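Numbering of ligands and ligand atoms starts at 1, following listing order. The chain is numbered in sequence order, starting from 1. We use all heavy atoms of the structure for the numbers below, so side chains are in, but hydrogens, waters and symmetry mates are not. Fair warning: this is a prediction, and the values are worked out from it, not measured in the lab.
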Amino acid sequence: MRALGEAIRDAFLIDPGACTVNHGSYGATPRAVLAEQDRWRGVMEAQTSRFFNRVLPGALREAAARLAAYVGAAAEDLAFVPNATTGVNAVLRSLALVPGDEILMLSHVYGAVRNTARYVAQQTGARLVEAALPWPRPDAAEMVASVGAAITPRTRIAVLDHITSPSAVVVPIAEMVALCHARDVRVLVDGAHAPGHVALDVGAIGADWYTGNAHKWLFAPKGCAFLHARREAQAGLHPAVISHGLGRGFVAEFDWTGTIDPTAYLAIGTALDFHASLGGTALMARNTLLAAEASARLAARLGTETGHGNGIGGAMATVRVPGSATAEVALALRGRLMDAGCDAPVHALGGALWLRISAQAYNAAADFERLGDILQGVL
Ligand SMILES: Cc1ncc(COP(=O)(O)O)c(C=O)c1O
């Protein structure tokens, strides 16, 4: 594996003066990937009509095929979307729900996804139900059981995070999907954090729909994500934006949703190559180890605990921080960290405050020592 940490930082545009330990929120795009995106911008702007009519349709499908092969899917079942939020909106807003139907989510669901479900519930008379994720240090079997306990005869869809946002838990997603299917519940997996973070095989997970971001852990430019729909789950599915492709099938509907800059999608091959050049699965394992060690060290410094254990961690980890566990206190602490030159999300979970760290290729143990210094100063 190539030398990582400080040795690789110059491959990114990251401010050397900042304490960058929050890859999970928005990712960081390597210079090489941005250069490939720029190259495509040049092709686009040289002859826009030719690009959109003649070049883009084929180039988009080629890019989709590369990404599909990486995530274990067939290219014709995968379409690009600008972000996971858009993927979630497409699925939830395509459902024909009736009053009393239930939308099941994990209690650690991402706020924007909860809002989307709430909006759909308001429009249709459906109800939101949350499965309480055990916390901290959840056990895989307990997590699956909490989903099972929340399913009722009215559950129409389960929206399950592959990796939770506030708590950074890698959930036993295949087991949860199997359980939901056994109980006749369709599943949308929100894999916003999964591609490039954990080994991903969308086909093996078997969800009806899976959306994931390439712009977080897979090094793609911002605005590069995908929606996968199993063949049987494509009927009745429409993008959040309706355009020329209406009624012409999954690929036609999703490949054109109006004029946008699609160059983030077209740079996916370079992003995948970059990820592989840093080790691919070895990089993911290295990041997971770094996050585990760094969170344990931070917890020791603070005299607290980590949220992880039981093998449910990935390249993000959480540490309990002292303070009263309200959303306002969490937001204020994150603000003070940002003022001090560092960013790390803080959430109130299970009666305590939890700080999330991310370990990506450009990070090393020293970054988290610096975070610890800043955090102790701020606290
Ligand atoms: C679990 C989860 N879902 C969805 C999203 C939304 O991602 P995006 O802003 O790329 O749509 C995030 C973002 O962090 C997330 O953590």
Q | Top protein contact for atom 16 (O) of ligand 1, by heavy-atom distance | A | His193 NE2, 2.8 Å

Q: State the CZ-OG1 distance between Arg356 and Thr164, to the nearest 0.5 angstrom.
A: 9.0 Å

**Q.** Nearest neighbour in protein (non-hydrogen) for atom 1 (C) of ligand 1
**A.** Asp190 OD2, 3.4 Å

(Q) Given 3.5 Å as the limit, does a donor-acceptor pair link the side chain of Arg154 with the main chain of Pro99, or not? (A) yes

Q: With the side chain counted from C-beta on, respond yes when Asp77 and Tyr210 share a heavy-atom pair under 4.5 Å apart, and no when they do not.
A: no

Q. Taking only heavy atoms of Asp161, which atoms of ligand 1 are found under 4.0 Å from at least one of them?
A. 1 (C)

Q. Quick check: are there more than 12 heavy atoms from other residues, nucleotides or ligands sitting under 6.0 Å from CZ of Arg50?
A. no

Q: Could you find the nearest protein heavy atom to atom 8 (P) of ligand 1 and give me its residue, atom name and distance?
A: Thr85 OG1, 3.6 Å

Q | Residue Asn213 vicinity, atoms of ligand 1 by number, heavy atom under 4.0 Å | A | 7 (O), 8 (P), 10 (O)

Q. Of all the atoms in ligand 1, which lie at a distance below 4.0 Å from a heavy atom belonging to His215?
A. 10 (O)

Q | Side-chain donor-acceptor pair present, Asn83, Thr86, cut-off under 3.5 Å | A | yes

Q: Any atoms of ligand 1 less than 4.0 Å from a non-hydrogen atom of Ala192? List them with their elements.
A: 2 (C), 3 (N), 4 (C), 5 (C), 12 (C), 15 (C)

Q. Atom NZ in Lys216, atom NE2 in His193: separation rounded to 0.5 Å?
A. 4.0 Å

Q) Are the side chain of Asn287 and the backbone N or O of Met284 linked by a donor-acceptor pair below 3.5 Å? A) no

**Q.** Nitrogen or oxygen of Thr164 less than 3.5 angstrom from that of ligand 1
**A.** no

Q.
Can you tell me if Ala84 contacts ligand 1 (heavy atom of the residue under 4.0 Å from the ligand)?
A. yes

Q | Heavy-atom gap Lys216 to ligand 1 smaller than 4.0 Å | A | yes

